[in-house]
Amino acid sequence: DTGVSQDPRHKITKRGQNVTFRCDPISEHNRLYWYRQTLGQGPEFLTYFQNEAQLEKSRLLSDRFSAERPKGSFSTLEIQRTEQGDSAMYLCASSLAFLLAGGNYEQYFGPGTRLTVT
Amino acid sequence: KNEVEQSPQNLTAQEGEFITINCSYSVGISALHWLQQHPGGGIVSLFMLSSGKKKHGRLIATINIQEKHSSLHITASHPRDSAVYICAVSTGLGGGADGLTFGKGTHLIIQP
């Protein structure tokens, strides 16, 4: 178990550019979550997947944000036409969740990707 | 929308003191999480609970569902406990496996 990993750890981009972040969850975890955290605030939920299905995306901040988990393993979060207000820490977490059979629903967080938009 | 309020926002204490951090929320939940965040961003899950009380080492978490309130206690506090402690709740049907709503966190400093 190598934990949740995120890449890159830091990203500096110019306003208007597109950025893509990657998250690799714990291998046996079927749920994957994306959160955003701005300075001095708690994280805010963006979206999550069960396997390859995106179960909630209404909390994505705008249509510039999109996420995929094509094979139910790693996930990508893309921000198009970045704005300075997008500067934040983007956190990924994973969990093992089985509604009927029970399971450990604790969420395990990655180290985050810090985005700076100049 | 669930609102999650934590108190205090900042807490400075001396080593050895008993620490209490409080969390209240506005609507029914399926689970409540206590998380620890160190400088640099790493978040570690401490507890997930939906009723009663859990204990792990010097950490104790309690929840009162009727009062919509939870507390995190640290006994015999130590400087290494210095971190931001965040309360988060899940309101989905997934038994705690849905996206979380977070409080703003409590910044704890334990002085030697």
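To find a chain, count down the sequence lines: A is the first, B the second, and so on, and within it residues start at 1. Quick note: numbers below take in every heavy atom, side chains included, and nothing from hydrogens, waters or symmetry partners.
Shown here for A:Gln107 and B:Ser45, the closest heavy-atom pair between the two residues is O-CB, 3.6 Å. The minimum heavy-atom distance between B:Leu100 and A:Tyr35, with the atom names listed, is N-OH, 3.3 Å.
With a 6.0 Å radius and a threshold of 12 heavy atoms from other residues, nucleotides or ligands, B:Glu67 has its CD atom at or below the threshold. Annotation for A:Arg64: atom CZ counts as buried by contact number, over 12 foreign heavy atoms lying within 6.0 Å. Residue B:Glu15 qualifies as enclosed at atom CD: its count of foreign heavy atoms under 6.0 Å is above 12.
A ring pair (Phe, Tyr, Trp, His ring centres under 6.0 Å) check over residues 67-94 of chain A, counting only residues at least two apart or in different chains, returns the pairs A:Phe21-A:Tyr90.
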Worksheet item: Could you walk me through whether B:Val44 and A:Tyr108 pass the side-chain contact (heavy atoms from CB on, under 4.5 Å) check?
Response: CA-CA 7 Å; B:Val44 175; A:Tyr108 295 81; over 6 Å; no
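The cluster map of Ile, Leu, Val, Met, Phe, Trp and Tyr, joined by side-chain heavy atoms under 4.5 Å apart, puts A:Leu91 and A:Leu55 in the same cluster. Follow the hydrophobic side-chain contacts under 4.5 Å out from B:Trp34 and you reach B:Leu59 in the same cluster.
With sequence neighbours excluded, no residue forms a side-chain hydrogen bond (donor to acceptor under 3.5 Å, both in side chains) with A:Thr82.
Residues of residues 102-112 of chain B placed with any heavy atom under 4.5 Å of a heavy atom in chain A are listed by number as B:Phe102, B:Gly103, B:Lys104.
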Counting only pairs under 3.5 Å, give me each side-chain donor-acceptor contact of residues 40-47 of chain A, with atom names and distances, residues two or more places apart or in other chains.
unit_1: A:Glu44; atom_1: OE2; unit_2: A:Arg36; atom_2: NE; d: 3.1
unit_1: A:Glu44; atom_1: OE2; unit_2: A:Arg36; atom_2: NH2; d: 3.2
unit_1: A:Thr47; atom_1: OG1; unit_2: A:Gln54; atom_2: NE2; d: 2.8
unit_1: A:Thr47; atom_1: OG1; unit_2: A:Glu56; atom_2: O; d: 2.5

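For the pair B:His33 and A:Glu106, the minimum side-chain heavy-atom distance is 4.5 Å or more.
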